[in-house]
Trainee: 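Here it is, the structure in full.
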Amino acid sequence: MKVTVYIATTLDGFIARQDGGLDWLPGSDGESAALDEDYGYVDLMASVDALIMGRNTFEMVYGFGQWSYGDKPVFVASQSLSVLPDDLPSCVQLCSGTPAELVKKMKGLGHQHLYVDGGKTIQAFLRDGLVTELILTRVPVLIGGGIPLFGTLNQDIPFQHVRTQSYPSGLVLSHYRNVLSDADA
């Protein structure tokens with residue numbers, strides 16, 4: 001199964017401020033200039049069967065007010081939530097378990113390509129060696145502290161560079177493939 005992480009980080013490797021704030025992201029202030037380019041997101045979303053996101057990421061996305069994933073299956077990985085808000089599409093559901101259990105469940109549902117989002121969730125999938133590709137967009141800003149993308153690992157995970165693309169906005173997207181993965185790329 002192909003498991004993709006697609007996420008933006010600051011130059012110093014943070015995915016959010018310590019309080020979860022994303023005000024450093026281009027477009028977070030509503031300026032449309034930063035939204036003129038999708039940085040490969042549309043193609044990624046067309047290629048994935050389902051998303052798994054952590055509770056904190058779900059709560060942030062839900063707080064935006066408009067569900068932006070359409071009818072794509074979204075699984076909210078949480079040990080603490082027991083119900084989701086009633087106004088979500090029926091394709092959004094809670095799940096729990098280890099990353100390996102979640103991948104097994106997704107395979108059983110016929111999914112072949114997962115997009116994993118959320119700091120702790122990404123770290124858990126990486127720690128268990130299940131991430132087959134990383135697509136990182138570096139935003140040219142240092143914030144000095146916050147929530148790091150990467151955490152401790154049980155072992156080194158070698159990745160092969162696939163490509164890097166820079167954008168006029170200053171953002172740099174780098175795509176890496178897990179060398180140990182047997183997923184089709």
Side-chain angles (χ1 to χ4, degrees), residues 1-17 20-77 88-89 91-92 102-103 106 111-126 130-141 143 146-150 159-178 181 183-185:
M1 170 170 283
K2 187 173 183 179
V3 177
T4 300
V5 169
Y6 174 98
I7 196 162
T9 71
T10 61
L11 286 178
D12 42 359
F14 298 106
I15 58 173
R17 293 193 187 279
L22 298 173
D23 58 317
W24 53 270
L25 274 173
S28 64
D29 57 4
E31 290 183 22
S32 62
L35 305 176
D36 290 342
E37 176 64 54
D38 80 350
Y39 306 101
Y41 182 76
V42 171
D43 289 340
L44 171 75
M45 290 305 291
S47 74
V48 299
D49 301 308
L51 289 84
I52 295 179
M53 66 176 62
R55 178 188 54 84
N56 290 334
T57 299
F58 164 74
E59 289 175 349
M60 180 192 60
V61 169
Y62 180 70
F64 293 155
Q66 180 178 344
W67 191 248
S68 58
Y69 301 109
D71 60 357
K72 183 96 48 184
V74 174
F75 297 86
V76 180
L88 288 168
C91 59
V92 182
L102 294 176
V103 165
M106 297 302 118
H111 300 304
Q112 297 175 2
H113 186 187
L114 299 177
Y115 167 17
V116 175
D117 199 6
K120 292 177 185 175
T121 304
I122 292 169
Q123 289 177 11
F125 272 76
L126 281 166
L130 296 170
V131 174
T132 56
E133 66 178 0
L134 283 169
I135 303 171
L136 306 176
T137 302
R138 289 181 307 279
V139 177
V141 63
I143 63 173
I147 300 170
L149 172 57
F150 300 111
F159 281 85
Q160 176 183 26
H161 177 256
V162 175
R163 69 181 177 90
T164 294
Q165 181 175 355
S166 62
Y167 294 89
S169 65
L171 276 66
V172 177
L173 182 145
S174 294
H175 185 162
Y176 302 92
R177 186 164 297 121
N178 185 334
S181 170
D184 295 332

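Residues take their numbers from the sequence shown, with the count starting at 1.
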Trainee: Just verifying a value: how many Å separate Y39 OH and T137 OG1, rounded to the nearest 0.5 Å?
Mentor: 8.5 Å
Trainee: Are L171 and P140 packed together at the side-chain level, in the sense that at least one heavy-atom pair is separated by less than 4.5 angstrom?
Mentor: yes
Trainee: Between K120 and G54, is there a donor-acceptor pair closer than 3.5 Å when you use the side chain of the first and the backbone of the second?
Mentor: no
Trainee: What heavy-atom pair brings L22 and A16 nearest, and what distance separates the two atoms?
Mentor: CD2-CB, 3.8 Å
Trainee: Rounded at 0.5 Å granularity, tell me how far CD1 in I7 sits from CG in L136.
Mentor: 8.5 Å
Trainee: At their closest point, which heavy atom of G70 faces which heavy atom of C91, and how far apart are they?
Mentor: O-SG, 3.6 Å
Trainee: With a 4.5 Å cut-off on side-chain heavy atoms, are T121 and I52 touching?
Mentor: yes
Trainee: Do Y62 and V76 come close enough that some side-chain heavy atom pair is under 4.5 Å?
Mentor: no
Trainee: Under 3.5 Å, side chain of Q165 to main-chain N/O of S174, donor-acceptor pair present?
Mentor: no
Trainee: Could you tell me which non-hydrogen atom of K72 sits nearest to which non-hydrogen atom of M45, and how far apart they are?
Mentor: NZ-O, 2.6 Å
Trainee: Taking K2 for the side chain and E133 for the main chain, is one N or O donor matched with an acceptor at less than 3.5 Å?
Mentor: no
Trainee: For the pair F125 and T132, evaluate side chain to side chain contact (heavy atoms under 4.5 Å, CB included) and give the outcome as yes or no after the intermediate values.
Mentor: CA-CA 10 Å; F125 272 76; T132 56; over 6 Å; no
Trainee: Using a 4.5 Å cut-off on heavy atoms from C-beta on, say whether the side chain of V139 contacts that of P26.
Mentor: yes
Trainee: D117 versus F58: any side-chain heavy-atom pair under 4.5 Å?
Mentor: no
Trainee: If I compare all heavy atoms of Y69 with all of L51, which pair ends up nearest, and what's the gap?
Mentor: CE2-CD2, 3.5 Å
Trainee: Find the distance between CG (N56) and CD1 (I147) and round it off to the nearest 0.5 Å.
Mentor: 7.0 Å
Trainee: Nearest 0.5 Å, please: how far is CD1 in I122 from CD1 in I15?
Mentor: 6.0 Å
Trainee: What's the spacing between H175 NE2 and Q160 CD if we round to 0.5 Å?
Mentor: 10.0 Å
Trainee: Which atom pair, heavy atoms only, marks the closest approach of F75 to A50?
Mentor: CE1-CB, 4.0 Å
Trainee: Quick check for you: to the nearest 0.5 Å, what is the distance between Y6 atom OH and Y115 atom OH?
Mentor: 7.0 Å
Trainee: Over all heavy atoms of both residues, which pair between W67 and P89 is shortest? Give the atoms and the distance, please.
Mentor: CD1-CG, 3.6 Å
Trainee: Given side chains that start at C-beta, do those of H111 and V48 come closer than 4.5 Å, heavy atoms only?
Mentor: no
Trainee: Scan side-chain atoms only and decide if T4 and H113 contain a donor-acceptor pair under the 3.5 Å cut-off.
Mentor: yes
Trainee: Is the backbone N or O of Q112 less than 3.5 Å from a side-chain atom of D49, with the two atoms forming a donor-acceptor pair by type?
Mentor: yes
